[in-house]
J.: 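Quick one: structure below, then a few questions.
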Protein chains: 2
Amino acid sequence: MLQSVDSSVRARILEQALGLFAERGVSGTSLSSIAQAAGISKPTLVYHFGSKEGLRSAVLNQVMEHWQAEVPRLMVAAASGGPRLDSLLNAFFEYFQSDRNRARVLVREMLDRPVEMRTLLAQHLQPWTRLMTEAIRLGQGSGLLRPQADPESYTVLVICSALSLVAVGPDASALISPEPTLADQRVELVRIARTALLNPPQQES
Amino acid sequence: MLQSVDSSVRARILEQALGLFAERGVSGTSLSSIAQAAGISKPTLVYHFGSKEGLRSAVLNQVMEHWQAEVPRLMVAAASGGPRLDSLLNAFFEYFQSDRNRARVLVREMLDRPVEMRTLLAQHLQPWTRLMTEAIRLGQGSGLLRPQADPESYTVLVICSALSLVAVGPDASALISPEPTLADQRVELVRIARTALLNPPQQES
DNA sequence: CCTACCGATCGGTAGG
DNA sequence: CCTACCGATCGGTAGG
């Protein structure tokens, strides 16, 4: 009713927009429905973000920015203990599972705006994935990792699988009876990723 | 100009709708834009499909129906040569890579209508996936396959990964430099799926 | 941050 | 299979 502190309204809009964009997509979500969910009027929403396009990119940036901050932290932590694939993958899941809407807007955005998304992914994440592929090549050189693995394809595949698992996995599980839970699938993905990368005999990496 | 044979118009509408739904989503696509792409008027489109909702489900059914016909054929072929995971996976890729829009509308539909999509997936594909999980359990019993694999999660994961790879993989590849092609990623997914399932020493399955 | 309002486009119908 | 048309809702603006 009277919380007109600018940043709190902005945050509330972003939060509601994330949820509605994830559920219905950007074009399936009207500005008035977002305004209503945030408890403000539509012109107020436009005042804060300029346009629907401005709101879309603000929501997307918010999701991506976390990675810009988190990824370096993870890489440092992982490097100190050797190339710990599991912990990287688990951190990935931790972030996206804590709010599945993040994964869903990313997948939607890749479908809606592939060209723009390519640029964004390259800018934000290539420095990180490069470390990953370098680590894999190192491991292959030392005989720890399977030489058949293609470092680039492997990395894209694991990230892409993890993202889509969080985004649509719980519904894709209807493919099967009895349905595996998202937690089951997460454990299995980590197992698959490890098994397909490490040379036998397997050891904790 | 004068091809008023009913079925050809219907087919043309379905084809254009598949493309536009895949690119922009259902809610991002107007009936008039589909009508224009198909070379007819909007009321004609509505006459053929009743409503936008009718068109949506017709497009979706068309994609799913192929599987209803193809899957049994594949399973029989695969069974005659033992559980040949690779050939199943390759047939999957063959279908979706021949028109990536099929994969994209399926992923969009899972995001837009998770509940309805769960029902559809269960009806069309559970008989098939059940054969898959049974074959895996058999292979585990005979020592051919890794006992650690969870048949249900493994199956969902492989299908989900393959689908999203076709749908967004070529753009997700911007995560990496140099970018792997979709073909590279497909080969690597097959390798990962095989390696994570077969007990070493590996043999053609 | 709001009320009042705008032109454009939406999905769909009437009628033929 | 078309032209002509409808009410509703869209994103966004004026003005305060």
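First the proteins, then the strands, lettered A, B, ... as listed; each starts at 1. Remember, predicted model here, so these are calculated numbers, not experimental data.
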J.: Looking only at the side chain of P43(A) (C-beta and beyond, no hydrogens), which of the listed nucleotides dC10(D), dA4(C), dC1(D) gets closest?
T.: dA4(C)
J.: So does K52(A) reach the base of dG12(D) with its side chain, donor to acceptor, closer than 3.5 Å?
T.: no
J.: Does a side-chain N-to-carboxylate-O contact under 4.0 Å join E134(B) and R137(B)?
T.: no
J.: Return the value, rounded to whole Å, for the distance between atom CZ of R56(B) and atom C1' of dC10(C).
T.: 16 Å
J.: Which whole-number value in Å describes the distance from Q36(A) CD to dC2(C) P?
T.: 13 Å
J.: Is the shortest side-chain N to carboxylate O distance from R12(B) to E15(B) below 4.0 Å?
T.: no
J.: Can you measure F49(B) atom CZ to dG11(C) atom P for me and round it to whole angstrom units?
T.: 15 Å
J.: Starting at the 5' end of DNA chain D, which residue's closest nucleotide do you reach first, I40(B) or E53(A)?
T.: I40(B)
J.: Check the distance between dA14(D)'s C1' and Y47(A)'s OH and give it to me in whole angstrom.
T.: 16 Å
J.: Do the side chains of E179(B) and R118(A) get close enough for a salt bridge, i.e. N-O under 4.0 angstrom?
T.: yes
J.: Whole angstrom is fine here: how far is it from CG in L55(A) over to P in dC10(D)?
T.: 15 Å
J.: Report which part of the nucleic acid T29(B) touches: base, sugar-phosphate, or nothing (heavy-atom distance under 4.0 Å, all strands).
T.: sugar-phosphate
J.: I'd like to know if R113(B) pairs up with E23(A) as an ion pair, taking the criterion as any Lys NZ or Arg NE/NH1/NH2 lying under 4.0 Å from an Asp or Glu carboxylate oxygen.
T.: no
J.: Could you identify the nucleotide paired to dG11(D), looking across every strand shown and requiring Watson-Crick or G-U wobble geometry with both distances under 3.5 Å?
T.: dC6(C)
J.: Is any side-chain N or O of S41(A) closer than 4.0 Å to OP1 or OP2 of dC1(C)?
T.: no
J.: Taking atom C1' of dT13(D) as reference, at what distance in whole Å does atom CG of L45(A) sit?
T.: 15 Å
J.: Nearest of dG11(C), dC1(C), dT13(C) to any side-chain atom of K42(B)?
T.: dG11(C)
J.: Using only side-chain N and O atoms of S32(B), determine if any of them is under 4.0 Å from OP1 or OP2 of dT9(C).
T.: no
J.: Taking only the side-chain nitrogens and oxygens of T44(B), find out if one of them lies under 4.0 Å from OP1 or OP2 of dC2(D).
T.: yes
J.: Salt bridge check: are D86(B) and R194(B) linked by an N-O gap of less than 4.0 Å?
T.: yes
J.: Within this structure, what is the NE2-to-C1' distance between H48(B) and dG11(C), rounded to whole angstrom?
T.: 17 Å
J.: Are S51(B) and dG11(C) close enough that a side-chain N or O sits under 4.0 Å from OP1 or OP2?
T.: no
J.: What integer distance in Å separates L31(B):CG from dA8(C):C1'?
T.: 16 Å
